[in-house]
**Q** 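My questions all concern the structure below.
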Amino acid sequence: MKKLMHSGAGLLLIALAFLAFNMVSGLALTGARLDLTEQKLYTISDGTRQILGQLEEPINLYFFYSDKSAKDLVALRTYARRVEELLKAYERTAKGKIKLHIIDPEPFSEEEDQAAEYGLQGVPLQQGGDQLYFGLAGTNGVDDTQVIPFFQPDQEAFLEYDLSRLVQTLSKPQRPVVGVLSGLPLNGGFDMATQQPGGPWMVMEEIRQMFQIESLKADVDRIPDQVSVLLLVHPKHLPQQTLYAIDQFVLRGGKLLAFVDPLSEADPGMGMPGAEAADRASDLEPLFKAWGLRMQPGKVLLDGSYAMSVGMGREQRPVRHAGWLSLPKRALDQDDVSTAGLENLNVASAGILEPLEGAKTRFVPLLRSSEYAMPVDAQRLVQLDDPEGLIRDLQPTGERYAIAARIAGPAQSAFPDGIEGQKDGLKSTDTINVIAVADTDLLSDRMWVHVQDFFGQRVPQPWADNAGFAINALDNLSGSEALISVRSRGRFSRPFEVVDALQRDAETQFREKEEALKARLAETEQKLAALQQNQDPAKALELTPEQQGTLQQFLQEKVRIRKELREVSYQLNANIEALGRVLKFVNIALVPLLLTVVVLGWWAWRRRRAG
């Protein structure tokens, strides 16, 4: 047998077997894969399977990809193969309800005309050259069309969600109606910062893709019956009739997603001279009270652990802002469908929600602070010039505060006797469904997304999951849960939690040393002032030996403490660099060394056994 394996015929047999295996696997195992990623990013999720299993009418998917034109674009070809494989998996799982058409639209062909008719975005490869198509169009039995104009490679994390949303929209053409009542320019307005008209907020663009939007006026006296979910954003100074309309809508089974704020930095009036925090605040105090919760009046949340880094000055020096928070996964409720699987959300000058004592409703926090948090007067953040001062003044209470919460259960009307002209309304209900969020800034573009112009098309590049949270909540409240599980697979950013802990501990030491220095400085100045009280005015500028000794002592103490401050800063960097060196050694040297030892040990064992 050994002679056959080492002969020319044996080597030829092995080569033929290898080629046969590759041919058979290429034909029979085209869609086979082993997904070892933590979140199973390359496996069809249960939510997608549920959407595909509920298809009642056939759907046609037309995948337009300029294969020949992209022959030199290796990265794009790899991603195109990934899209094609996933589409074929959709077709197999749908069991005949999806028909996939793969089309290469060559220049000046009928297929290229078809792609253009569907509205796909052709990208020129060079000046005056061919157009590259890489998009998807879907149609259903009643000729509704949904399109993904171009698959952006840097948006691969959202690929399955985009495909599943397209399929679900085609399978259920009647989209849920979201009634929007907002005190902020969600649909665009005049930007005070740039002195130019501003476009619609990207979160509204995302919502419009999934829901039918019905705008409501601030003086509405009844929420229309066709509204499935009411979206309230910064409801300032609502008249009683509108509050009553919201109250009755919730009592008769309507769902509510409310964004209130003790200090909305997205408010167009923010930053005006003499501004007061109350002018930028919104609340639903009478309704919240009837539903068993409240937002702490006039208070915003500071958090030293989740503080965001912001640029200050012309050099954009990074400074941690304890009023602007980047909430990691541990701050999000992973048991709720609206937040499960999301990685991080950003909020600014957020408020604090809390349940009322004796409330019959269930108060379930969805977003919470860390233990290194405390409430502070909202006025403290109006026209804030020094975010570092928030960190210095932070005195953590050890409590985790709720920024957003789900409220469900039996509730009474906030207007048990009705209002003038409407006395026969509902008094109570067995259950309400409300999600309240004590921040409106998380919806603004600057807190979660970069928007780029791509050949006249606004292309969002999210860097946080703010829009995902808002749409998840609307999805859940409107009754659609299958798509949530697809989106909730989240992003795959990994925060350096150990490094953050080292930095937080060093900052705590730094603040303690700094406060000690200030205390000693004040004490020394008091001593100098006491010594000068009885001194001759003509010699006020001369220092006595006792004063000189005290001043010298202070200077020495100041130098010593400043040296300690530098040591703390150095120790922070030293600890982080030491951690980096350990990780580099493990990844670069230790693992290969262990593998080498194992292989040598196995070789030695085989040699002794053969001998």
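Note that the numbering runs from 1 along the sequence shown for the chain. Keep in mind that this is a model prediction, so the values were computed, not measured.
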**Q** Spell out, as yes or no, whether a donor-acceptor pair under 3.5 Å connects the side chain of Gln248 to the backbone of Leu426.
**A**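 Present.
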**Q** Sort out for me which residue in Asp439, Asp441, Asn466, Thr440 forms a side-chain contact (heavy atoms from CB on, under 4.5 Å) with Val347.
**A**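 The side-chain contact (heavy atoms from CB on, under 4.5 Å) with Val347 is passed solely by Asp439 among Asp439, Asp441, Asn466, Thr440.
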**Q** Looking at every non-hydrogen atom in both residues, tell me the closest pair between Pro262 and Ala438 and how far apart they are.
**A**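 For Pro262 versus Ala438, the nearest heavy atoms are CD-O, 4.1 Å.
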**Q** Determine whether Arg320 and Glu388 satisfy the following criterion, salt bridge (charged side-chain N to carboxylate O under 4.0 Å, His left out), listing intermediate values before the conclusion.
**A** CA-CA 7 Å; Arg320 299 187 71 213; Glu388 290 180 300; over 6 Å; no
**Q** Any donor-acceptor pair under 3.5 Å linking the side-chain atoms of Asp303 with those of Ser305?
**A**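 No pair is found: no donor N or O on one side chain lies under 3.5 Å from an acceptor on the other.
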**Q** Would Lys299 and Glu354 satisfy salt bridge (charged side-chain N to carboxylate O under 4.0 Å, His left out), going step by step from the backbone distance to the final call?
**A** CA-CA 12 Å; Lys299 298 291 184 181; Glu354 57 189 15; over 6 Å; no
**Q** In sequence, state the C-alpha distance, the side-chain angles, and the governing distance for Asn346 and Asn344, and then conclude on side chain to side chain contact (heavy atoms under 4.5 Å, CB included).
**A** CA-CA 7 Å; Asn346 298 325; Asn344 74 289; 3.8 Å; yes
**Q** Look at the side chain of Asp430 and the backbone N and O of Pro410, then say whether any donor-acceptor pair between them is shorter than 3.5 Å.
**A**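 No, Asp430 side chain to Pro410 backbone: no donor-acceptor pair under 3.5 Å.
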**Q** Got a sec, which residues hit side chain to side chain donor-acceptor pair (under 3.5 Å) with Arg49, two or more places apart in sequence or on another chain?
**A**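 Expected list: none.
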**Q** If you measure from the Lys or Arg side-chain nitrogens to the Asp or Glu carboxylate oxygens, is any gap between Arg392 and Asp386 under 4.0 Å?
**A**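 Counted as a salt bridge, because a side-chain N and a carboxylate O are separated by less than 4.0 Å.
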**Q** Please give me the minimum heavy-atom distance between Phe249 and Ser228, naming the atom from each residue.
**A**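 Here Phe249 and Ser228 meet closest at CZ-O, 4.2 Å.
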**Q** How about CD on Gln395, more than 12 heavy atoms from neighbouring residues, nucleotides or ligands closer than 6.0 Å, or not?
**A**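 Result for CD/Gln395: open.
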**Q** Under the criterion side chain to side chain contact (heavy atoms under 4.5 Å, CB included), I'd like the reasoning laid out for Lys172 against Gln54: C-alpha separation, chi angles, the key distance, then a yes or no.
**A** CA-CA 10 Å; Lys172 298 179 180 179; Gln54 293 175 349; 4.0 Å; yes
**Q** Under 4.0 Å between a Lys/Arg side-chain N and an Asp/Glu carboxylate O for Arg208 and Glu205?
**A**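 Answer for the salt bridge query: yes.
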**Q** Quick one: side chain to side chain donor-acceptor pair (under 3.5 Å) partners of Thr169, sequence neighbours excluded?
**A**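 Side chain to side chain donor-acceptor pair (under 3.5 Å) list for Thr169, sorted by chain: empty.
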**Q** Between CG of Leu163 and CD1 of Ile51, what distance do you get to the nearest 0.5 Å?
**A**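 Spacing of CG (Leu163) from CD1 (Ile51) equals 10.5 Å.
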**Q** Checking Thr339 against Asp333: is there a side-chain donor and acceptor pair closer than 3.5 Å?
**A**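 The criterion, which ignores hydrogens and geometry beyond distance, is not satisfied for Thr339 and Asp333.
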**Q** For Arg406 versus Val337, what's the shortest heavy-atom pair and its separation?
**A**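 Shortest heavy-atom contact: NH2-CG2, 4.3 Å.
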**Q** Given the side-chain rings of Tyr306 and Tyr372, with only the six-membered ring counted for Trp, is the space between their centroids under 6.0 Å?
**A**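 No - the distance between ring centres of Tyr306 and Tyr372 does not fall below the 6.0 Å cut-off.
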**Q** Please check: side-chain N/O of Ser164 versus main-chain N/O of Glu160, any donor-acceptor pairing under 3.5 Å?
**A**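 Between the backbone of Glu160 and the side chain of Ser164 there is a qualifying donor-acceptor contact (under 3.5 Å).
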**Q** How close do Ala331 and Arg400 get, heavy atom to heavy atom, and via which atoms?
**A**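 Distance-wise, the nearest heavy atoms are CA-NH2, 3.8 Å.
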**Q** Any carboxylate oxygen within less than 4.0 angstrom of a Lys/Arg side-chain nitrogen, looking at Asp283 and Lys236?
**A**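 Salt bridge absent between Asp283 and Lys236.
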**Q** Any carboxylate oxygen within less than 4.0 angstrom of a Lys/Arg side-chain nitrogen, looking at Glu399 and Arg368?
**A**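 So Glu399 does not pair with Arg368 through a salt bridge.
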**Q** Which heavy atom in Thr361 sits nearest to a heavy atom in Trp291, and how many Å separate them?
**A**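 Heavy atoms only, the tightest pair is OG1-O, 2.6 Å.
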**Q** Side chain to side chain contact (heavy atoms under 4.5 Å, CB included), that's the test. Do Trp448 and Val203 meet it? Break it down for me.
**A** CA-CA 9 Å; Trp448 69 276; Val203 69; 4.2 Å; yes
**Q** Output yes when a side-chain donor or acceptor of Asp377 lies under 3.5 Å from a complementary backbone atom of Arg380, and no otherwise.
**A**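 No; zero donor-acceptor contacts below 3.5 Å.
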**Q** Measure from the side-chain N and O atoms of Asp247 to the backbone N and O of Ala414, and report whether any donor-acceptor pair falls under 3.5 Å.
**A**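 Here the side-chain-to-backbone pair exists.
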**Q** With Ser171, which residues qualify under side chain to side chain donor-acceptor pair (under 3.5 Å), at least two apart?
**A**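 Here no residue qualifies.
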**Q** Distance-only, no hydrogens or angles: does the Thr397 side chain make a donor-acceptor pair with backbone N or O of Ala373 under 3.5 Å?
**A**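 Side chain of Thr397 to backbone of Ala373, a donor-acceptor pair under 3.5 Å: yes, one is there.
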**Q** Tell me, with the steps shown, if Leu256 and Leu477 meet side chain to side chain contact (heavy atoms under 4.5 Å, CB included).
**A** CA-CA 8 Å; Leu256 173 65; Leu477 293 173; over 6 Å; no
**Q** Could you tell me if His234 and Asp267 have a donor-acceptor pair between their side chains, going purely by distance under 3.5 Å?
**A**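 Yes.
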**Q** Of the non-hydrogen atoms in Pro185 and Trp201, which two are nearest, and what is the gap between them?
**A**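 Heavy atoms only, the tightest pair is O-NE1, 3.4 Å.
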**Q** Does any donor atom in the side chain of Tyr161 or Thr48 lie under 3.5 Å from an acceptor atom in the other side chain?
**A**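 Per modelled atom types, Tyr161 and Thr48 side chains form no pair under 3.5 Å.
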**Q** With a 4.5 Å heavy-atom cut-off, do Asp445 and His450 have their side chains touching?
**A**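 Of all side-chain heavy-atom pairs linking His450 with Asp445, none is under 4.5 Å.
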**Q** Any heavy-atom pair between the side chains of Asp393 and Val376 that's under 4.5 Å?
**A**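 Side-chain contact under 4.5 Å: no.
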**Q** Is the side chain of Ser478 donor-acceptor paired with the backbone N or O of Asp475 at a distance under 3.5 Å, no angle test?
**A**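 Yes, Ser478 side chain to Asp475 backbone: donor-acceptor pair under 3.5 Å.
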**Q** In terms of the angle between their ring planes, are Phe150 and Phe134 parallel, tilted or perpendicular, with boundaries placed at 30° and 60°?
**A**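 Phe150 and Phe134: perpendicular rings.
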